[in-house]
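These notes are about the structure you will find just below.
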Amino acid sequence: MSGLTLENVAKSYGAVVAVRDVNLHLPDGQFVCFLGPSGCGKTTLLRLIAGLEKPSRGRILLDDEDITDTPAHKRNFGMVFQSLALFPHMTVGENVGYSLRIRKTHKAARRQRARELLDLVKLSGLIDRHISQLSGGQQQRVAMARALAIEPRLFLLDEPLSALDAKLREDMQLELRMLQQRLTVTTILVTHDQREAMTMSDLVVVMGPDNRVHQMDSPLEIYRNPADTFVADFIGTSNLLDGISSGSRAVTIGDTRLEVADLPDGMTPDTKVTVSVRPEEIHVLPGVEKGDNRMHGRVSFVRDVGSSVEIYLDCNGLQIVSQSTPKGRPAVQQGDQATAVLPPAACVVLKS
Amino acid sequence: MIGEKPKDLRAHLPLAYPALMLAIFFIVPFGLMAAVSFFHRQPGGFYIPAFELANYQNLYTALFGRTLVFSLFIAGLSAAVCVCIGFPFTYFITRMKRRSQVVWLVLLMSVLSLSEVIIGFAWSLLLSRTAGLSNLLVWIGLIERPVAWYPGFAALLFGICYLAFPYTVLVLYPPLSRLDPALPEAAQTLGASPLRTFFTVVVGSLRNAIVAAFVMVFVFTLGAYLLPQILGRPRHWTLSVLITDAAIYQTNMPLAAAMAIFFMAVSLVLVAITMTVGKGKNIKTA
């Protein structure tokens with residue numbers, strides 16, 4: 001199997017577990033994001049892949065070759081660090097050409113390659129500058145060029161965009177994605193920003209505070225079919241409703257019967273479940289309507305930010321949030337009675 | 001500049017105390033010494049105020065020249081030894097856990113609590129033939145018979161380095177502990193072995209700190225006065241010994257002063273050269 005495979009990889013520091021039994025296969029040429037809250041072990045996992053840490057258990061395979069014990073300097077992976085780690089005593093060109101200097105490439109060839117890479121990251125002409133003379137965004141690009149100089153087998157990035165301001169970050173996300181598509185280098189990016197992960201990746205690996213991998217899938221699949229309540233809550237916003245399964249395709253929440261598209265395999269009736277419904281899937285109607293997939297209550301708050309409208313419904317203490325475009329805005333005001341309609345196809349049932 | 005007002009005298013008052021101390025304890029004595037170096041010596045007596053270059057002309061002797069060169073040589077050599085050992089040593093300390101770092105630093109500090117005299121005599125004993133460490137080696141069976149490692153050049157160099165080593169570590173510790181651990185890691189992901197990483201990235205990015213440590217030990221060792229007499233032979237005596245000899249035993253204050261001034265000037269020039277060379281081409285201070 002070509003690509004990177006992690007088999008039962010675990011890492012602990014004394015009694016502290018950083019990564020718990022990870023099994024992953026990352027195919028070649030993909031842009032993969034490790035996404036999770038801080039402290040979930042995503043950076044440790046990246047460092048294990050880079051060879052900067054040794055796993056306590058498990059194996060790391062690259063194209064079926066065991067690289068668990070290969071030291072970092074023999075792996076040919078390019079890495080961009082969170083602090084960027086540019087060498088302060090070298091010029092931009094010397095930084096980019098460092099890996100070639102280590103490989104004893106001729107000086108002129110080194111400079112030529114550094115030029116090519118700087119063109120690639122749109123920093124032409126800065127080859128003789130000093131690192132301290134560059135802006136944050138430029139330093140970012142130098143770090144990427146340096147990591148790409150040896151045409152790495154894997155391109156690893158540890159939250160490289162977190163230090164940039166919001167606008168620049170969004171630009172860099174697009175640029176990085178386009179760069180990766182052009183070079184078709186297998187890329188792993190660590191981030192805690194789900195929007196960043198959704199923007200760039202072919203595959204998202206969601207890690208939770210229990211240091212486990214919760215789900216690995218395409219961004220849209222993760223958004224539409226979260227594997228569990230943690231993923232549903234962490235990726236975007238979601239209405240999480242606790243209920244009990246009843247019958248083959250229904251869940252009871254309070255005294256409302258909710259028809260759903262699907263129940264998880266092997267689910268027996270009368271099991272505690274959580275139903276996840278995305279706010280933009282919920283329609284709000286004025287007045288009280290009774291029936292299946294309908295919950296009514298008082299409008300507790302209307303958040304109108306111009307580009308979208310969010311309506312908060314208080315249904316007997318259960319809060320339901322719906323989101324709509326300004327055009328589709330329901331005719332309700334704060335304090336009105338209203339009904340939320342939850343379409344069966346939008347209700348994703350998760351085991352509690 | 002915002003809020004920058006012309007300062008009246010009162011605003012400068014807090015500076016008066018350090019300025020006064022500096023003047024009383026440094027500038028005035030130094031000025032006196034500089035003046036005395038031009039005074040006229042009265043044989044059998046002391047000196048009388050005058051302005052003559054005779055004292056400086058008297059420096060032009062083989063003994064003075066040889067001693068000067070030797071003093072600079074041993075100071076430079078011990079600075080080089082201290083930095084070469086101290087830099088990797090400090091690097092390993094800063095990579096340790098916090099607790100072990102404290103233990104090592106306290107250990108080094110405790111060496112500083114010993115006076116130069118105690119260190120000198122302790123090593124003269126330990127390096128001697130009759131009671132020294134060589135007896136231990138004989139007992140283990142490594143050598144045939146006990147040998148005297150002192151007095152001599154090696155013993156002197158060893159003693160000076162022993163004295164200056166804690167200071168070297170103290171000067172190198174702050175910049176090394178501030179070194180971003182991602183820097184060596186980045187070098188490794190780029191293909192550099194740990195050894196290459198150490199020389200190209202750790203040493204390279206801390207070049208300024210290394211030069212600073214070298215200059216510090218160099219200057220510190222220039223003043224060595226006691227150890228050369230305890231651990232060295234007379235030909236290993238440094239200029240400080242010669243100056244003391246002139247001032248105390250020959251009561252030739254003007255000559256001693258001239259020696260000191262000349263010695264200081266040469267040292268300053270050497271330090272300046274080291275700093276310029278060490279700075280290298282357009283290296284920015286971090």
Side-chain angles (χ1 to χ4, degrees), chain A residues 13-14 43 46-47 49-53 70-91 94-105 128-134 142-160, chain B residues 83 87-88 90-92 94-101 172 174-215 274-286:
Chain A
Y13 300 97
T43 293
L46 192 78
R47 291 171 60 82
I49 293 170
L52 297 171
E53 307 274 352
T70 311
H73 66 275
K74 290 191 177 145
R75 290 196 185 189
N76 270 4
F77 296 170
M79 182 154 170
V80 177
F81 290 78
Q82 191 166 14
S83 67
L84 301 183
L86 294 173
F87 305 135
H89 57 298
M90 298 181 195
T91 63
E94 286 166 350
N95 263 282
V96 175
Y98 181 80
S99 54
L100 302 169
R101 184 178 131 204
I102 293 298
R103 285 166 181 76
K104 303 206 164 53
T105 312
D128 289 320
R129 289 280 185 88
H130 265 281
I131 296 303
S132 52
Q133 294 169 313
L134 302 184
V142 174
M144 291 189 330
R146 185 179 69 177
L148 290 169
I150 41 159
E151 294 179 357
R153 184 67 182 77
L154 282 181
F155 186 29
L156 311 172
L157 302 114
D158 184 9
E159 305 208 24
Chain B
V83 171
F87 188 81
T90 316
Y91 180 66
F92 287 122
T94 55
R95 303 296 111 172
M96 287 177 183
K97 283 191 203 127
R98 193 87 207 149
R99 267 183 94 87
S100 338
Q101 288 193 24
L172 288 172
L176 267 168
S177 60
R178 275 199 306 269
L179 181 77
D180 181 1
L183 279 185
E185 285 179 352
Q188 283 180 39
T189 60
L190 293 167
S193 64
L195 207 65
R196 290 288 304 265
T197 301
F198 182 78
F199 284 109
T200 55
V201 170
V202 180
V203 172
S205 64
L206 291 167
R207 200 164 147 170
N208 289 337
I210 292 172
V211 172
F214 180 86
V215 168
T274 313
M275 305 261 276
T276 355
V277 171
K279 266 253 154 67
K281 42 165 178 105
N282 55 39
I283 295 290
K284 286 262 161 68
T285 41

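Convention: sequence-line order gives letters A, B, ...; per-chain numbering from 1. All values below were derived from every heavy atom in this structure, side-chain atoms included, with hydrogens, water molecules and symmetry-related copies excluded.
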Keeping the roles fixed (side chain from A/H89, backbone from B/T200), state whether a donor-acceptor pair exists under 3.5 Å. yes

Bottom line for A/L100: the part with an atom under 4.5 Å from chain B's heavy atoms is neither

Between CZ on residue A/R47 and CD on residue B/E185, distance to nearest 0.5 Å: 4.0 Å

How many angstroms lie between CG in A/L154 and OG1 in B/T189, if you round to the nearest 0.5 Å? 12.0 Å

Approximate separation, where rounding is to 0.5 Å, of B/Q188 CD and A/M79 CE: 11.5 Å

Using non-hydrogen atoms and a 4.5 Å limit, figure out which bit of A/F77 sits close to chain B: side chain, backbone, both or neither. backbone

To check you understand the geometry: which heavy-atom pair defines the closest contact between B/D180 and A/S83, and what is its length? OD2-OG, 2.7 Å

Region of A/A149 that comes under 4.5 Å of a non-hydrogen atom in chain B: neither

Show the nearest heavy-atom pair for residues B/L183 and A/F87, with the distance to one decimal. O-CE2, 3.5 Å

Over all heavy atoms of both residues, which pair between B/L190 and A/S99 is shortest? Give the atoms and the distance, please. O-CB, 3.3 Å

Where is the tightest heavy-atom contact between A/I102 and B/A192, given as atom of each residue plus distance? CD1-CB, 3.7 Å

Most contact-rich option vs chain A, by heavy-atom pairs under 4.5 angstrom, among B/P194, B/A182, B/P181, is B/A182

Pick one of side chain, backbone, both or neither for A/R101, based on which atoms fall under 4.5 Å of a heavy atom in chain B. both

